[in-house]
Amino acid sequence: MADRRPDEQEMSRPKKPRTGDLDPTANPYLAHMYEESDDYNTGYKSRNGYSNGSSTATSLSKFKRHQTTALQAHTAEDGPNNPLNNAPLSQQYFNILKTRRDLPVHKQRQEFLDLFQKTQILVFVGETGSGKTTQIPQFVVFDDLPHMSGKLVACTQPRRVAAMSVAQRVANEMDVKLGDEVGYSIRFEDVTSSKTILKYMTDGMLLREAMHDHDLTRYSCIILDEAHERTLSTDILMGLLKEVAVRRPDLKIVIMSATLDAQKFQRYFMDAPLLAVPGRTHPVEIFYTPEPERDYVEAALRTVLQIHATEPEGDILLFLTGEEEIEDACRKITLEADEMIREADAGPIKVYPLYGTLPPHQQQKIFEPAPPPARAGGRPGRKVIVGTNIAETSLTIDGIVYVVDPGFSKQKVYNPRIRVESLLVSPISKASAQQRAGRAGRTRPGKCFRLYTEAAFKKELIEQTYPEILRSNLANTVLELKKLGIDDLVHFDLMDPPAPETLMRALEELNYLACLDDDGNLTQLGKLASEFPLDPALAVMLISSPEFYCSNEMLSLTALLSVPQVFVRPASAKKRADEMKALFAHPDGDHLTMLNVYHAFKGPAAANDPKRWCHEHFLSLRALQSADNVRQQLKRIMEKNELELLSTDFNDKNYYTNIRRALVAGFFMQIAKKDGTGKTYKTVKDDQSVLLHPSTVLNVDSEWVVYNEFVLTTKNYVRTVTSVKPEWLLDIAPNYYDLSTFAKGDIRTALQKTVDKVNRRQAMKGGR
DNA sequence: GAGCACTGC
């Protein structure tokens, strides 16, 4: 294993491009690092090469950093030349400028600047339609003048698409080419250059950068957008920024959020000042049911049909919890509406499902216009969208006038006692309910029908959905925090500290994986594992795989395990799909089967027409391509860290055995043993009764299995399983399989027998 | 014999 690590001190502020690790073209995270000024505290020097080719000073060069006014900015924006690069401004620019100046935030530009200049940290609240995501970063650029000190302004988004589309929009607004002064950076794609001074990025991406540059020295200002969503990355970044702010008094921070919870952000950031800007939405009238509903799906269908029968023109958005529920509801609504059209002359209706696993072209259908009246002069048609929470944040659909909100969604919950994450249908929060209602008022006044009582809304719904950090296994998070240089986790100031038991579980898991030593310090392996965008068990499995002569195969497998399911099984063709899957089946388990799929996908049979090949074999092209992408990224990280890429000869009898052993190196904590003669298994140490998921290719003769995930539904299932041997467990993970730590029982007895067997075998060898 | 809300590196 490689033990040469890049010197972090050096990495944070290199002066010149160098070969190897520091070559910015080789490492997308370091794209801007080669043109840093020497000292961020005093650095007002112009960036080398920035103004090359244009001898004329831009209008911004007369600006004094943190002393500008809205009027100055206004004048500069009026042209005639681009204040960023002195190029003549286009007609399109002036057209957009007009609409920009109509946005609510523009009225408060001076107010924003006053606060921004006065304080280090500012909380900014802007409701939907205020223009905060596009305008505030521009306000900042014009006052912070990052190019004068060779730095950047970053604006983080929770989602990739948002980072991309907002960057494109702002590049248009500033009349520059995307990737020049304005760019974006997301996983697999860095559209920035040495010219870039405003960078939109995913919050996860900034977190990655922070691991190599703890003080975020490349940035003069960091804007955290959509902070109210409280993603894991946002929460960690906030904790980190709170500490960085002390070490770097020159760093400006803006926390942007929707109205709710603004005071909580203020309090957390040492009573930072708050600026609130109203949004631009239409009023939405709220209706509650007088009595609680017993069956929310039935009530939802009734409400949708009622709206269609009695309410004026306008599209309907219904929130349900999952794929099956949604498809079922779509069928029923279509059926009932057809009857209404025949019997009551109702207008035509078109129903669209909407959920994350739907292929993109199907998702796009929701933007088709409502159907026209069935005949001239007939009643107008209506579009009904039945969707998951994806319609609450990720996708906005204009033209929705009616929202039906049953008050439930599937949410991730984590149970640290049995160490299982699962999805549970749970009541939504007040904030969620408000967000859902708001979807009815984007284009004109709307109505929201809540299928619960007003009393229930007031008394039973919690204010905010619990932040993700309280609902997740934190093994990965703890590893990230350690890599960020945070040694004392208990005193790390998170906005909502997780339960001590959850933290303990994470530390314990990382200790067993040898990523943390007994004092909780990052080990060499832990440092290496944190380089990979993977969960710790997967990372450790991959890093260990050269020892098992199968790192090429484990690269593929790791990638496959970190993308959505590759097997497709449509309800209409279950049998065919199963037959196709059987073509790839390996008797020793699902991991090996997936690997067979990948090899076939990369082989000659699929090369000509992968799309067709996938379709014929009931495989998801999207998932396989995505695995390919991930594999490339992981491979680069392996090479960078000098981890060998090895394969056992395919004809060697140990080809698959080596892979199965390598699986154990990461997943030795996810082993189950057959319990008696039936179909049930027991997980090792936790002693949970589980069944093999019916999708497995493995038959129930396997005594010991390694599993990839624990699925908690009506029954306990382990999914993606491969058979292993108990001697491997003792051999590969001796610490975890220290028998004295096991409770008395079948598993301990079986392991003890294995120990005895191994000892006998060794004694015989020794005796000879 | 079949439960993949949604993100992200």
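These numbers come from the heavy atoms of this one structure, side chains and all, not from hydrogens, waters or symmetry mates. Here is the naming used below: chain letters follow the sequence lines, and residue numbers restart at 1 for every chain.
- The ring-ring contact (aromatic ring centres under 6.0 Å, His included) contacts involving residues 617-637 of chain A comprise A:F584-A:H617, A:W613-A:H617, where partners must be two or more places apart or lie in separate chains.
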Assess the residue pair A:L643 and A:I637 against the criterion (side-chain contact (heavy atoms from CB on, under 4.5 Å)); give the C-alpha distance rounded to whole Å, side-chain angles, the decisive distance to 0.1 Å, and a yes or no. CA-CA 9 Å; A:L643 293 164; A:I637 301 172; over 6 Å; no
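- When heavy atoms are screened at a 4.0 angstrom cut-off, A:T202 is found touching the sugar-phosphate backbone but no base atom.
- Across the protein-nucleic acid pair, A:K412 atom NZ and B:dC4 atom P stand 14 Å apart, rounded to whole Å.
- Within 4.0 Å of A:R230, counting heavy atoms only, lies no atom of the nucleic acid at all.
- One distance of note links NE2 of A:H591 with NE2 of A:H586; it measures 13.0 Å at 0.5 Å rounding.
- In the set B:dA5, B:dT7, B:dG8, the nucleotide with an atom closest to the side chain of A:I390 is B:dT7.
- Remark: A:K581 is positioned above the aromatic ring of A:F567, its terminal NZ or CZ atom under 6.0 angstrom from the ring centre and at most 45 degrees off the axis.
- Across all strands shown, A:K574 has no heavy atoms under 4.0 Å from either base or sugar-phosphate atoms.
- Among the atoms of the strands shown, only primed sugar atoms or phosphate atoms (P, OP1, OP2) are found under 4.0 Å from some heavy atom of A:I186.
- Separating the NZ atom of A:K679 from the P atom of B:dA2 is a distance of 10 Å, rounded to the nearest angstrom.
- When rounded to the nearest whole Å, the span between CG of A:L481 and P of B:dC9 equals 18 Å.
- Using a 4.0 Å heavy-atom cutoff across all strands shown, A:Q411 reaches no nucleic acid atom at all.
- Among the atoms of the strands shown, none is found under 4.0 Å from any heavy atom of A:F532.
- Of the candidates B:dC4, B:dA2, B:dT7, B:dA2 carries the atom nearest the A:R569 side chain, counting heavy atoms from C-beta on.
- Within the nucleic acid shown, A:V711 comes within 4.0 Å of sugar-phosphate atoms alone, with no base atom in reach, counting heavy atoms only.
- In this entry the distance linking CZ of A:R208 with P of B:dG8 reads 15 Å, nearest Å.
- Rounded to whole Å, atom C1' of B:dG3 lies 14 Å from atom CD of A:E327.
- We find that CG of A:N629 is positioned 13 Å from C1' of B:dC9, with the value rounded to whole Å.
- The salt bridge (Lys or Arg N to Asp or Glu O under 4.0 Å) analysis of residues 351-364 of chain A, with sequence neighbours excluded, yields no pairs.
- OP1 or OP2 of B:dA5 has not a single side-chain nitrogen or oxygen of A:Y355 nearer than 4.0 Å.
- When distances run from any side-chain atom of A:K715 to the nucleotides B:dA2, B:dG3, B:dC9, the shortest one goes to B:dA2.
- When the P atom of B:dT7 is taken as reference, atom CZ of A:R471 falls 14 Å away, rounded to whole Å.
- Here A:R160 lies in heavy-atom contact (under 4.0 Å) with sugar-phosphate atoms only.
- Using a 4.0 Å heavy-atom cutoff across all strands shown, A:R159 reaches sugar-phosphate atoms only and no base atom.
- At B:dG3, none of the side-chain N or O atoms of A:R719 fall inside 4.0 Å of OP1 or OP2 (strictly under the cut-off).
- The residue A:Q565 sits apart from the nucleic acid: no heavy atom pair falls under 4.0 Å.
- Ion pairing between A:K527 and A:E531 fails under the 4.0 Å rule for side-chain N and carboxylate O.
- Each of A:E323 and A:S562 lies near DNA chain B, and the nucleotide nearest A:E323 is the one positioned closer to the 5' end.
- Mapping A:D578 and A:L423 onto DNA chain B by nearest heavy atom places A:D578 closer to the 5' end of the strand.
- Nucleotide B:dG8 holds its P atom 16 Å from the CG atom of A:L534, rounded to whole Å.
- Note on A:S409: nothing from the nucleic acid sits closer than 4.0 angstrom, heavy atoms only.
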